[in-house]
Amino acid sequence: MPALNFAPALLLKAQGGATGLKAAIFDVDGVLTDGRIYIGAEGETVKAFSTLDGHGLKLLRQAGIEPVVITGRDSPAVRRRVADLGLAEAVYGVHDKLVAANELLSRRGWQWSQVAAIGDDWPDLPLMVRAGFACAPANAHAEVKAVAQHVTTAGGGHGAAREFCDLLLVACGRYEALLRGHLQSLDTA
């Protein structure tokens, strides 16, 4: 049996609309990272990502929920991480995340009720108030926490995205099967 346990009311909120979740939108700085930006002597941007978070995004894809990155910054580090995770949908360096998200939803045929979103600061608010389910990391800005339906116990870059992924996987009923699949593959290795 899985060790995770979320409140039933939270699980109902995280299920999305009547047709279920199709996608989960992730901010980068403050969600997939701790929000700090390191700039080297040559001007290169260095970011630290959590492997737990990365595996959570991969599990979402396996469950049929498309992880999407929409970020206000563009850097080789973020592009590399998105490529390493094999994410098919990412939008970089956008000023207006809502415009980018609406274009993506239109192209993919998704409704806002079929989308979950996690963000940490004001640029994420337009997505979060429209999403079927909205989440914020523990270290998010107060205004973002106020509109979130769930605030993670972990901070951005330190497992918040994984907690969000796990919650969505439990809510859609795929968590236990994915866990059992990993246990079986470990037993046969």
Side-chain angles (χ1 to χ4, degrees), residues 2-28 30-33 49-71 78 81-92 97-98 100-120 124 126-137 140 147-154 156-157 159-183 185:
L4 283 180
N5 189 9
F6 295 103
L10 179 59
L11 292 172
L12 286 173
K13 289 178 189 176
Q15 287 178 349
T19 58
L21 288 180
K22 303 291 184 197
I25 298 174
F26 294 81
D27 177 35
V28 175
V31 173
L32 295 179
T33 74
F49 297 93
S50 165
T51 58
L52 288 173
D53 290 347
H55 191 67
L57 273 73
K58 289 179 180 180
L59 290 172
L60 277 184
R61 277 189 37 235
Q62 290 177 19
I65 299 172
E66 188 72 36
V68 174
V69 167
I70 299 180
T71 179
V78 173
R81 184 64 175 149
V82 167
D84 287 351
L85 293 173
L87 303 184
E89 297 288 355
V91 185
Y92 309 95
K97 292 184 179 186
L98 181 57
N102 279 331
E103 288 173 3
L104 175 71
L105 268 65
S106 177
R107 181 170 44 82
R108 294 294 299 261
W110 295 329
Q111 302 299 314
W112 275 108
S113 63
Q114 299 172 309
V115 176
I118 182 168
D120 73 310
D124 305 310
L127 308 183
M128 295 176 69
V129 298
R130 287 166 176 79
F133 182 72
C135 188
V147 302
Q149 292 159 298
H150 178 66
V151 176
T152 64
T153 56
R162 178 59 177 270
E163 186 178 332
F164 175 60
C165 293
D166 288 345
L167 171 57
L168 298 179
L169 291 168
V170 172
C172 77
R174 296 290 314 275
Y175 184 88
E176 188 172 354
L178 288 166
L179 176 62
R180 289 191 190 284
H182 276 66
L183 293 173
S185 65

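Computed from a predicted model, the values in this text were never measured in an experiment.
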Which heavy atom in [X] sits nearest to a heavy atom in [Y], and how many Å separate them?
| X | Y | result |
| --- | --- | --- |
| Gly119 | Ala140 | O-CB, 4.3 Å |
| Val147 | Ala134 | O-CB, 4.3 Å |
| Asp53 | Gly159 | OD1-CA, 3.1 Å |
| Ala148 | Met128 | CB-CE, 4.1 Å |
| Ala100 | Ile70 | CB-CG2, 4.4 Å |

Do [X] and [Y] come within less than 4.5 Å of each other through their side chains, counting heavy atoms only?
| X | Y | result |
| --- | --- | --- |
| Leu87 | Arg61 | yes |
| Leu10 | Phe133 | yes |
| Val69 | Leu32 | yes |
| Leu60 | Leu168 | yes |
| Leu11 | Leu167 | yes |
| Tyr175 | Leu59 | no |
| Gln62 | Arg174 | no |
| Thr152 | Cys135 | yes |

#### Entry: Thr71 backbone acceptor or donor facing Asp27 side chain under 3.5 Å
no
### Message
Tell me if a side-chain donor or acceptor on Arg130 pairs with a main-chain N or O of Val115 at a distance below 3.5 Å.
### Response
no
### Query
What do the steps show when you test Leu178 against Leu169 for side chain to side chain contact (heavy atoms under 4.5 Å, CB included), and what is the final call?
CA-CA 9 Å; Leu178 288 166; Leu169 291 168; 3.8 Å; yes
#### Entry: Working for salt bridge (Lys or Arg N to Asp or Glu O under 4.0 Å), residues Arg107 and Glu103
CA-CA 6 Å; Arg107 181 170 44 82; Glu103 288 173 3; over 6 Å; no
From [X] [atom1] over to [Y] [atom2], what is the distance, rounded to the nearest 0.5 angstrom?
| X | Y | atom1 | atom2 | value |
| --- | --- | --- | --- | --- |
| Glu66 | Leu57 | CD | CG | 10.0 Å |
| Lys97 | Leu104 | NZ | CG | 13.5 Å |
| Gln114 | Ile65 | CD | CD1 | 11.5 Å |
| Glu163 | Leu4 | CD | CG | 8.5 Å |
| Lys22 | Ser113 | NZ | OG | 10.0 Å |

#### Entry: Geometric class of the Phe164/Phe26 ring pair [parallel <30°, tilted 30-60°, perpendicular >60°]
perpendicular
### Query
So Trp110 and Val68, side chain to side chain contact (heavy atoms under 4.5 Å, CB included) or not? Walk me through it.
CA-CA 12 Å; Trp110 295 329; Val68 174; 4.2 Å; yes
